[in-house]
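All values derive from a computational prediction rather than experimental measurement. In what follows, every chain begins at residue 1, and chains take the letters A, B, ... in the order their sequences are listed.
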Amino acid sequence: MRIPIQSVTPETGHAEICGWVHEERDLGGLAFFLIRDRTGILQVTIPKKKVSEAVLAAAKKVSRESVVRVAGTVKAMEKAPGGRELIPDTFEIINLAETPLPLDVSEKVGAELDTRLDARFLDVRRPRVAAVFQIRSAALHAINNFFHKEGYISITTPKIVAAATEGGTELFPIAYFDKEAFLNQSPQLYKQMMMAGGFEKVYEIGPIFRAEEHNTTKHLNEATSIDIEVSFADHNDVMKTLETLILKTYEYVNRSCSDQLANLELTDFAVPKAPFTRLPYREAIEIAQRTCSEPIKYGDDISAAAEHAIGDEMGSHYFITDWPTEIRPYYAMPYEDDPSICKAFDLMHPRMELSSGAERIHQYDLLVQQIKKKGLNPESFEFYLRPFRYGMPPHAGWGLGAERLIMTMLGLSNVREAVLFPRDMHRLVP
RNA sequence: GCCCAGGUAGUGUAGCGGCCUAUCAUGAUUGCCUGUCACGCAAUCGACUCGGAUUCGAAUUCCGACCUGGGCGCCA
């Protein structure tokens, strides 16, 4: 019976392990093999005079990163990594790996991201890379948990759609039988429709697709969006929810992923401090005008340089609130007393935007008016507008980029590090 | 889409008109070695992205193609 390497201790007695050959060192009469599975690394020690011919033959033949099954006696050994080693009585090569390897799993020499992504299956064998995805898994678990505890209904909405969410041209067209269709850029319209469906609190974690030809370390053409929509809530309510979710996620990762964080050398991992500052857009612009070398004025989008300048000033997570209605999507709710600004917000990490959200317009006439103001045709949004005529409650929500959350949480320099098989302008394989 | 910077053994690099039969590390192959933990030692193997041009001579300069990284716009 195979047991995980993590649970092999000097008290184990006889053990059978399965895994990959991480490193081999042959000292002549004595050989050492480091065997790795997803839980850890164990040293297999072969005193050549004391083991069987079969073990010797296998040890001679096996190459690095081959898959093996090794069984034998576990002994306490101070000189061995982890204080224990396994002396094999059987050493079976399950699958021999070809040589040379496309990249060095033991990390003696580096590999560029492009090389790593081409051989991602090998790249993720490296413990520090695996740690990122184990943490990503834990973070998404914490997020799912949070929503279930809070009574949200998990939904999945179509990724193949007939119309754009926000107008725009940044959609991937696909052939859908004899019709024109697109990959969805956001679940926005569908989660709002479920407010008319009376679900009240919904969330979805799923893929979003953007055909923008951006070439940066924080954009993907296929990303994972964490989306919520809540009825009878306003922008402040859902900002509070987002803030709590971020804290809970960091706390869970901090609590349950200490090995992985150690692998990533994140000994100073810190849960952000709440409450996050609510910084009105107007004040954000003032900070940028004061501290950023590039000129910016009220009404502009916040440029990367301005974003960094404001981020430096704020130092940790913060919200930018009260945006000019003009530069937000048509569905953002304008303030009653000043319709030039709206109840939209972005959640910012000092390095980049993580999330954007808003209280939405729930009145049919106002929504149609805003769609027209953006130069869009309400007729192409009929499927979306229809629910607004039959009892749409007030509601608010946001979308949070899962990869950016992981990237900023772990200090990754490229968002591609947070996706197993990233899709960007140049990469469609593997 | 615009603007930079690059493409040298399996991997990561040095070289930037002749000293290149191309450096170093890692790796692979073979041999030696009983406590390695980036083991050590010896030998061997393995590369200038492609096409054109300039030149007596091109990895090195120029042009084009292809590929890659990064910045910007925009956004999650």
Side-chain angles (χ1 to χ4, degrees), chain A residues 22-34 41-51 60 63-65 75 77-83 85 87 97-119 122-123 165-166 168-170 185-188 205-227 242 294 300-308 327-329 346-349 352-357 398-408 413-416 418-419 424-427:
Chain A
H22 190 67
E23 282 184 58
E24 22 183 324
R25 289 184 202 102
D26 187 347
L27 272 61
L30 190 65
F32 301 102
F33 288 82
L34 297 183
I41 291 177
L42 178 66
Q43 176 168 292
V44 169
T45 302
I46 300 181
K48 291 189 183 170
K49 285 177 184 161
K50 295 180 188 165
V51 298
K60 183 158 176 56
S63 56
R64 289 169 77 206
E65 294 306 318
K75 286 186 176 153
M77 174 55 70
E78 243 178 72
K79 294 179 219 168
E85 65 184 7
I87 315 294
E98 282 182 24
T99 58
L101 296 162
L103 57 82
D104 176 21
V105 177
S106 66
E107 303 192 89
K108 283 175 201 156
V109 289
E112 291 197 357
L113 187 58
D114 191 48
T115 306
R116 293 172 45 204
L117 293 175
D118 280 340
L122 268 180
D123 184 48
T165 303
E166 293 162 27
T169 53
E170 67 272 335
Q185 69 184 126
S186 155
Q188 180 66 28
I205 300 175
I208 56 170
F209 304 92
R210 311 260 164 117
E212 290 148 8
E213 295 183 343
H214 33 44
N215 192 2
T216 80
T217 54
K218 57 183 185 182
H219 288 93
L220 295 162
N221 292 297
E222 179 179 19
T224 308
S225 178
I226 300 159
D227 262 90
L242 179 50
E294 281 180 27
D300 288 349
D301 278 317
I302 295 177
S303 67
E307 192 176 289
H308 295 148
I327 57 173
R328 298 299 288 204
D346 280 356
L347 173 65
M348 307 297 297
H349 177 274
M352 74 191 77
E353 179 182 340
L354 292 181
S355 168
S356 64
W398 43 253
L400 167 66
E403 285 79 16
R404 287 193 180 179
L405 176 65
I406 300 303
M407 178 187 182
T408 52
S413 60
N414 193 316
V415 72
R416 291 163 183 81
V419 197
D424 62 35
M425 258 174 91
H426 304 295
R427 183 171 288 277

Item to complete: For A/Gln43, report the nucleic acid contact type (base, sugar-phosphate, nothing); a contact means any heavy atom under 4.0 Å.
Response: base

Worksheet entry | Distance below 4.0 Å between A/His214 side-chain N/O and B/C75 OP1 or OP2 | no

Worksheet entry | Interatomic distance at P, B/C62 relative to B/U55, whole Å | 16 Å

Worksheet item: B/A22 and B/A59: how far apart are their P atoms, nearest whole angstrom?
Response: 12 Å

Worksheet item: Under 3.5 Å, is there a donor-acceptor pair between the side chain of A/Arg404 and the main chain of A/Glu353?
Response: yes

Response to the item:
Of the candidates B/C75, B/U36, B/G73, the side chain of A/Arg210 sits closest to B/C75

Worksheet, complete the sentence: With the side chain defined as heavy atoms from C-beta on, A/Pro81 is closest, among B/A38, B/C37, B/G73, to B/C37

Fill in: Separation of the C1' atoms in B/U54 and B/C45, to the nearest angstrom
36 Å

Item to complete: Looking only at side-chain atoms of A/Phe32, point me to the closest of B/G35, B/A38, B/C72.
Response: B/G35

Discussion item. So which atom in A/Ser186 and which in A/Ile208 form the shortest heavy-atom distance, rounded to 0.1 Å?
Written reply: CA-CG2, 3.9 Å

Worksheet item: So what does A/Lys60 hit on the nucleic acid, given a heavy-atom distance under 4.0 Å: a base, only sugar-phosphate, or nothing?
Response: sugar-phosphate

Worksheet item: Counting any heavy atom closer than 4.0 Å, what does A/Ile226 reach on the DNA or RNA strands: base, sugar-phosphate only, or nothing?
Response: nothing

Item to complete: Find the distance A/Ile87:CD1 to B/U36:C1' and express it as a whole number of Å.
Response: 13 Å

Worksheet item: B/C75 phosphate, OP1 or OP2: any side-chain N/O from A/Asn221 under 4.0 angstrom?
Response: no

Worksheet entry | B/U8 versus B/C48 - spacing of their P atoms, nearest Å | 10 Å

Worksheet item: Rounded to whole angstrom units, what separation is found between the CE atom of A/Met425 and the C1' atom of B/G73?
Response: 13 Å

Worksheet item: What integer distance in Å separates A/Met407:CE from B/C75:P?
Response: 18 Å

Discussion item. Of the options B/C72, B/U34, B/G71, whose atoms approach the side-chain atoms of A/His308 most closely?
Written reply: B/C72

Worksheet item: Picking from B/G35, B/A28, B/C75, which would you name as closest to the side chain of A/His219?
Response: B/C75

Worksheet item: Which is true for A/Lys48 with a 4.0 Å heavy-atom rule: it touches a base, it touches only sugar-phosphate, or it touches nothing?
Response: nothing

Fill in: C1' atoms of B/A58 and B/G52, separation to the nearest Å
13 Å

Item to complete: Assess whether side chain to side chain contact (heavy atoms under 4.5 Å, CB included) is satisfied between A/Lys108 and A/Glu23, documenting all intermediate values.
Response: CA-CA 11 Å; A/Lys108 283 175 201 156; A/Glu23 282 184 58; 3.7 Å; yes

Discussion item. Expressed as a whole number of angstroms, how long is the span from A/Glu307:CD to B/C72:P?
Written reply: 9 Å

Worksheet item: For residues A/Thr45 and A/Glu85, is any side-chain donor paired with an opposing acceptor at under 3.5 Å?
Response: yes

Worksheet item: Picking from B/G73, B/G27, B/U36, which would you name as closest to the side chain of A/Thr216?
Response: B/G73

Worksheet item: Rounded to the Å, how far apart are A/Glu170 CD and B/C74 P?
Response: 13 Å

Worksheet entry | B/G69 pairs with, by Watson-Crick or G-U criteria that keep both distances under 3.5 Å | B/C4

Discussion item. On a heavy-atom basis, which atom in A/Lys48 and which in A/Leu30 lie closest, and how many Å separate them?
Written reply: CG-N, 4.4 Å

Fill in: B/C24 to B/A47 separation - P atoms, rounded to the nearest Å
16 Å

Discussion item. Within the 4.0 Å heavy-atom criterion, would you say A/Asn215 contacts the bases, only the backbone, or no part of the nucleic acid?
Written reply: base

Discussion item. Base, sugar-phosphate or nothing for A/Met77? Non-hydrogen atoms, less than 4.0 Å.
Written reply: base

Fill in: NZ/NE/NH1/NH2 to OD/OE distance under 4.0 Å, A/Glu222 and A/Arg427
no

Fill in: Side chain of A/Glu213 - closest among B/A76, B/G35, B/G1
B/G1

Response to the item:
Taking B/U36, B/G69, B/C75 as options, the one with an atom nearest any side-chain atom of A/Lys79 is B/U36

Item to complete: Answer with base, sugar-phosphate or nothing: what part of the nucleic acid does A/Ser225 contact at a heavy-atom distance below 4.0 Å?
Response: nothing

Response to the item:
What one should report as the nearest heavy-atom pair of A/Ala97 and A/Arg64 is CB-O, 3.5 Å

Practice prompt. Determine whether any donor atom in the side chain of A/Arg404 lies under 3.5 Å from an acceptor atom in the base of B/C75, or the reverse, and answer yes or no.
Written response: yes

Discussion item. Need one value for A/Ser356: base, sugar-phosphate or nothing, where a base atom within 4.0 Å counts as base even if backbone is also close, heavy atoms only.
Written reply: sugar-phosphate

Worksheet entry | NZ/NE/NH1/NH2 to OD/OE distance under 4.0 Å, A/Glu112 and A/Arg416 | no

Worksheet item: The side chain of A/Arg416 lies closest to which of these nucleotides: B/G70, B/U36, B/U68?
Response: B/G70

Item to complete: Under 4.0 Å between any heavy atoms, over every strand shown, what does A/Glu98 touch: base, sugar-phosphate, or nothing? Just pick one.
Response: nothing

Item to complete: Using a heavy-atom cut-off of under 4.0 Å over every strand shown, decide if A/Thr217 touches base, sugar-phosphate, or nothing.
Response: sugar-phosphate

Worksheet item: Using the P atom in both, what is the distance from B/G12 to B/G51, to the nearest Å?
Response: 23 Å

Item to complete: Check the pair A/Gln43 / A/Met77 against side chain to side chain contact (heavy atoms under 4.5 Å, CB included), numbers first and verdict last.
Response: CA-CA 10 Å; A/Gln43 176 168 292; A/Met77 174 55 70; 5.7 Å; no

Worksheet item: Among B/A76, B/C74, B/G70, which is the nearest nucleotide to the side chain of A/Lys218?
Response: B/C74

Worksheet item: Taking the nucleotide of RNA chain B with the closest heavy atom to each, which residue, A/Ala305 or A/Glu85, is nearer the 5' end?
Response: A/Glu85

Worksheet item: Got a donor-acceptor contact below 3.5 angstrom from the A/Asp424 side chain to the A/His426 backbone?
Response: yes

Worksheet item: How many Å lie between NZ on A/Lys75 and C1' on B/U36, as a whole number?
Response: 17 Å

Practice prompt. Give the rounded distance in Å between these two atoms: CD of A/Glu212 and P of B/C2.
Written response: 16 Å

Discussion item. Regarding A/Ala402, tell me which of base, sugar-phosphate or nothing describes its non-hydrogen contacts under 4.0 Å with the strands shown.
Written reply: nothing

Worksheet item: Across the strands shown, which category fits A/Leu400 at heavy-atom distances under 4.0 angstrom: base, sugar-phosphate, nothing?
Response: nothing

Discussion item. Could you tell me how far apart A/Met352 (CE) and B/C72 (P) are, to the nearest whole angstrom?
Written reply: 11 Å

Item to complete: Between A/Arg64 and A/Ile302, name the one whose nearest nucleotide on RNA chain B is closer to the 5' end.
Response: A/Arg64

Atom pairs, protein N/O to nucleotides 9-15 of chain B N/O, distance under 3.5 Å:
from  : atom 1 : to       : atom 2 : distance (Å)
B/G10 : O2'    : A/Leu101 : O      : 3.0
B/U11 : O2'    : A/Gly110 : O      : 2.7
B/G12 : OP1    : A/Glu112 : N      : 2.9
B/G12 : OP1    : A/Thr115 : OG1    : 2.8
B/G12 : O4'    : A/Gly110 : O      : 3.3

Discussion item. Please report the distance separating the P of B/U49 from the corresponding atom of B/G10, rounded so that it comes out in whole Å.
Written reply: 12 Å

Discussion item. At 4.0 Å (heavy atoms only), tell me whether A/Gly28 reaches a base, stays on the sugar-phosphate, or touches nothing.
Written reply: base

Worksheet item: Which value, rounded to the nearest 0.5 Å, describes the distance between A/Met348 atom CE and A/Thr408 atom OG1?
Response: 11.0 Å

